Amino acid sequence: MNDASRGAPPRGGHWGPPDQGHALAAAPAGPAHDEHAAQQTRPMPIVPDLPAGGDQDDHDRGAARLSGPLFRDEMPQEPMPSEPPEPAEPQGRSQQRQQRQKKQAGRDLRAAIGVGVGLGAVIIASLFVQKAVFVGVVVIAVVVGLWELTSRLQERKGIRAPLVPLAVGGAAMVVAGYVRGAEGAWVAMALTALAVLVWRMTEPPQDYLKDVTAGVFAAFYVPFLATFVALMLAADDGPQRVLTFLLLTIVSDTGAYAVGWRFGRHKLAPRISPGKTREGLFGAVAFAMAAGALCMGFLIDGGTWWQGLLLGLAVAVSATLGDLGESMIKRDLGIKDMGTLLPGHGGIMDRLDSLLPTAPVVWLLLVIFVGAG
């Protein structure tokens, strides 16, 4: 504290060395100066000297009583009352609760259910009203899926797979598969690959091989695999076959989610998809096999329950591998979803991931079990 804060010296004397006393004595006196000094300074507490014969403890108590903080913000703060701590939760139960919170926080469940019900209504209506309308639905899904895939490739990797020949060729593949069968689909696939190579020649040759390779991959991954849905639809009982394919894939995904959410402990492929568990895979197999036995017994003419068990097993495996395959692509691209078109689901490709590789499996097994129709 500076010297000015010590207060005015006693009458007839001064504190400190003589030169300091003269300096203080030379300061102007008067009401204005006294008022200003009173505003700028505070007197120091005076501790009385220890009287003769006094007790040292009495002196300490007096010093403690007279000394203390000079400013309000220096007063000791009393601790705020705190709520009693909650009882410790068992470690196993705490880990389970944290896992459930993480799984519940992934997506908007209400939006996902609403979008799923809406898509299901559109698919069922188009499937049983007119086959050609359902072919149009498949074509739209293929074109949008190609747009999402090529957009993410360009954004994240700088790969410019030509969208125009892919979209035109993809639509032609689905229509050719429905009208001309497997031969028409193969011819459309070959022409689409050729169109990708030629279209990319209109741009500089840098990264030509990388771009056309990605384009041919996109043509095979999205429209060519979707063509097997059109092949199933072309049969006499085509709507029932397509409905069986959709139901088994959806039931497999639902069983994997339900069982994995409740009982999942052991990771299936942590480097690819940390959310998938072995318990979830067993749930997918069990649900799909039960649904397969019912579908083959009630929807497919000439089908038997044991064929449905085998069909359900194959669907559970192919759907899981398809989901892991797209998860691998998204991890390589560094994204969570392929798009944002479907609230609660992501993009179209995020819904086609398990359907696309399952379509040729279901088509082939149905042809083996009950014929091409």
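Here the structure is a predicted model, which is why all the values come from computation and not from measurement. Throughout, residue positions are numbered sequentially from 1 according to the sequence presented.
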Are the side chains of Phe220 and Met189 in contact, using a 4.5 Å heavy-atom criterion? yes

Scan the side chains in residues 172-187 for donor-acceptor partners under 3.5 Å anywhere in the protein, sequence neighbours excluded, and list what turns up.
none

Are Leu341 and Trp147 connected in the hydrophobic side-chain network, where two residues link if heavy atoms are under 4.5 Å apart? yes

4.5 Å side-chain heavy-atom contact, Leu310 and Met289: no

How about Leu268 and Thr320: do any of their side-chain heavy atoms sit closer than 4.5 Å? yes

Side chains of Leu127 and Leu233, heavy atoms from C-beta outward: is any pair under 4.5 Å? yes

Student check: side-chain heavy atoms of Val361 and Leu311 closer than 4.5 Å: no

Beyond-backbone contact of Leu313 with Val285, side-chain heavy atoms, under 4.5 angstrom: yes

Stepwise side-chain contact (heavy atoms from CB on, under 4.5 Å) test for Val362 and Met232: CA-CA 9 Å; Val362 175; Met232 284 187 279; 3.8 Å; yes

On a heavy-atom basis, which atom in Ala372 and which in Ala235 lie closest, and how many Å separate them? O-CB, 3.4 Å

Looking at Met338, is its backbone amide N or carbonyl O close enough to the side chain of Arg152 to form a donor-acceptor pair, meaning the two atoms are under 3.5 Å apart? yes

Heavy-atom pair with the smallest gap, counting every atom of Ser126 and Phe134: OG-CD1, 3.5 Å

CE on Met328 to CG on Leu333, rounded to 0.5 Å: 11.5 Å

Shortest non-hydrogen contact from Ala226 toward Val142: CB-CG2, 3.6 Å

Please examine the side chains of Asp350 and Lys330, heavy atoms only from C-beta on, and report whether any two atoms are closer than 4.5 Å. yes

State whether the side chain of Glu148 and the backbone N or O of Met349 hold a donor-acceptor pair below 3.5 Å, judged by distance alone. yes

Ala141 and Leu352 have their tightest heavy-atom pair at O-CD1, 4.1 Å

Flag yes if Ile250 and Val259 sit in one hydrophobic cluster, no otherwise; membership is Ile, Leu, Val, Met, Phe, Trp, Tyr, and two members link when side-chain heavy atoms are under 4.5 Å apart. no

Taking atom NZ of Lys276 and atom OG of Ser327, what is their separation to the nearest 0.5 Å? 5.5 Å

Are the side chain of Glu279 and the backbone of Arg265 linked by a donor-acceptor contact shorter than 3.5 Å? yes

Please answer whether the main-chain N or O of Ile272 pairs with a side-chain N or O of Arg331 as donor and acceptor at a distance below 3.5 Å. yes

For Tyr208, give me all partners under ring-ring contact (aromatic ring centres under 6.0 Å, His included), at least two apart in sequence or on another chain. none

In this structure, CG of Leu321 is separated from CD of Glu326 (nearest 0.5 Å) by 13.5 Å

Set out, in order, the CA-CA distance, both residues' side-chain angles and the distance that settles side-chain contact (heavy atoms from CB on, under 4.5 Å) for Val138 and Thr227, then state yes or no. CA-CA 9 Å; Val138 176; Thr227 301; over 6 Å; no

Contact check, side chains of Gln154 and Thr150, non-hydrogen atoms, under 4.5 Å: no

Measuring from Ser354:OG to Asp323:CG, what's the distance to the nearest 0.5 Å? 6.0 Å

Please round to the nearest 0.5 Å and tell me the distance separating atom OG1 of Thr277 and atom OH of Tyr257. 12.0 Å

Would you say Ser318 and Thr358 are linked by a side-chain donor-acceptor pair, where the criterion is simply a distance under 3.5 Å? yes

For a quick test of reading the model, state the closest non-hydrogen atom pair linking Met201 to Leu197 and the distance between them. CG-O, 3.3 Å

How far apart are the closest heavy atoms of Val222 and Leu356, and which atoms are they? O-CD2, 3.7 Å

Any salt bridge between Glu203 and Arg160, counting N to O under 4.0 Å? yes

Could you see if Val242 belongs to whatever hydrophobic cluster contains Ile124? Use Ile, Leu, Val, Met, Phe, Trp, Tyr and a side-chain cutoff under 4.5 Å. yes

Between Asp332 and Arg156, is there a salt bridge with N-O shorter than 4.0 Å? no

Qualifying residues under ring-ring contact (aromatic ring centres under 6.0 Å, His included), relative to Tyr221, sequence neighbours excluded: Phe217

Ser273 side chain vs Ala269 backbone, donor-acceptor pair below 3.5 Å: no

Examine distances only and state if a side-chain atom of Ser252 and a backbone atom of Leu248 form a donor-acceptor pair shorter than 3.5 Å. no

Phe224 with Val137, same ILVMFWY side-chain cluster at under 4.5 Å: no

Do Leu294 and Leu246 belong to the same hydrophobic cluster, where Ile, Leu, Val, Met, Phe, Trp and Tyr are linked whenever their side-chain heavy atoms lie under 4.5 Å apart, directly or via other members? no

Phe128 atom CZ, over 12 foreign heavy atoms within 6.0 Å: yes

Quick one: OG1 on Thr244 to CG on Leu366, what's the gap to the nearest 0.5 Å? 7.0 Å

